[in-house]
**Q** 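First the structure, which I've put down as structure tokens, then a few questions once you've had a look.
When reading the values below, keep in mind they use all heavy atoms of this one structure, side chains included, and skip hydrogens, waters and symmetry mates.
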Amino acid sequence: MSAQWLLYSYLMAAAAALLLLVVFRACRWYWHALSVLAGLAPPPSEGGGNFFYLTAGTACVLLVLWGLGGPFFPRHAK
């Protein structure tokens with residue numbers, strides 16, 4: 001698998017996380033905390049090939065960025 005696939009998939013995950021935050025705003029704080037914890041959890045060690053690790057890495061990037069971006073997009077406008 002080339003590095004371009006990794007770059008494009010991670011950029012798409014970052015854009016999706018940002019889009020979710022802009023459209024739906026932040027959820028409760030505990031959802032964002034759980035998202036960061038889930039994103040930092042290691043994938044299962046059984047492995048499954050390159051596609052599995054690409055998908056797992058993309059999901060991790062999406063969860064971590066969505067979780068950390070929550071405080072920057074408040075739930076209610078002030």
Side-chain angles (χ1 to χ4, degrees):
M1 178 177 318
S2 68
Q4 281 183 322
W5 281 102
L6 292 173
L7 176 68
Y8 293 147
S9 64
Y10 291 166
L11 285 176
M12 286 176 38
L18 243 161
L19 183 66
L20 285 172
L21 284 168
V22 168
V23 171
F24 296 113
R25 297 287 178 187
C27 292
R28 303 271 184 207
W29 68 270
Y30 49 84
W31 286 114
H32 290 280
L34 286 173
S35 173
V36 171
L37 289 176
L40 294 177
S45 62
E46 290 88 43
N50 288 338
F51 182 72
F52 170 75
Y53 287 115
L54 178 67
T55 306
T58 303
C60 289
V61 169
L62 176 73
L63 289 171
V64 168
L65 289 179
W66 181 77
L68 293 177
F72 298 106
F73 294 87
R75 188 172 176 91
H76 302 289
K78 295 179 181 178

**Q** If you link I, L, V, M, F, W and Y whenever their side-chain heavy atoms are under 4.5 Å apart, who else ends up in the same group as F52?
**A**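 Its cluster partners, ordered by chain and number, are Y53.
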**Q** Are Y30 and F72 connected in the hydrophobic side-chain network, where two residues link if heavy atoms are under 4.5 Å apart?
**A**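 Result: yes, single cluster for both.
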**Q** Applying side chain to side chain contact (heavy atoms under 4.5 Å, CB included), name anything that partners V23, two or more places apart in sequence or on another chain.
**A**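 V23: side chain to side chain contact (heavy atoms under 4.5 Å, CB included) contacts with L19.
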**Q** Mark yes or no for whether H32, through its side chain, and C27, through its backbone, hold a donor-acceptor pair below 3.5 Å.
**A**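 Here the side-chain-to-backbone pair exists.
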**Q** Please give me the minimum heavy-atom distance between L54 and T58, naming the atom from each residue.
**A**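 Reported closest heavy-atom pair: O-OG1, 2.8 Å.
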**Q** Would you mind writing out the side-chain donor-acceptor pairs for residues 35-43 within the sub-3.5 Å range, not counting sequence neighbours?
**A**
from	atom 1	to	atom 2	distance (Å)
S35	OG	L63	O	2.5

**Q** Per the ring-ring contact (aromatic ring centres under 6.0 Å, His included) rule, what does the pair list look like for residues 1-29, sequence neighbours excluded?
**A**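 Residue pairs passing ring-ring contact (aromatic ring centres under 6.0 Å, His included), neighbours aside: none found.
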**Q** Kindly give the heavy-atom pair with the smallest separation between A14 and V61, and that separation in Å.
**A**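 Smallest heavy-atom distance, with atoms named: N-CG1, 4.5 Å.
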**Q** Under a 4.5 Å side-chain heavy-atom rule over Ile, Leu, Val, Met, Phe, Trp and Tyr, are L18 and W31 clustered together?
**A**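 Yes, because L18 and W31 connect within a single hydrophobic cluster, where side-chain heavy atoms sit under 4.5 Å apart.
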**Q** Quick one: list whatever passes side chain to side chain contact (heavy atoms under 4.5 Å, CB included) with A17, sequence neighbours left out.
**A**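 A17: side chain to side chain contact (heavy atoms under 4.5 Å, CB included) contacts with L62, L65, W66.
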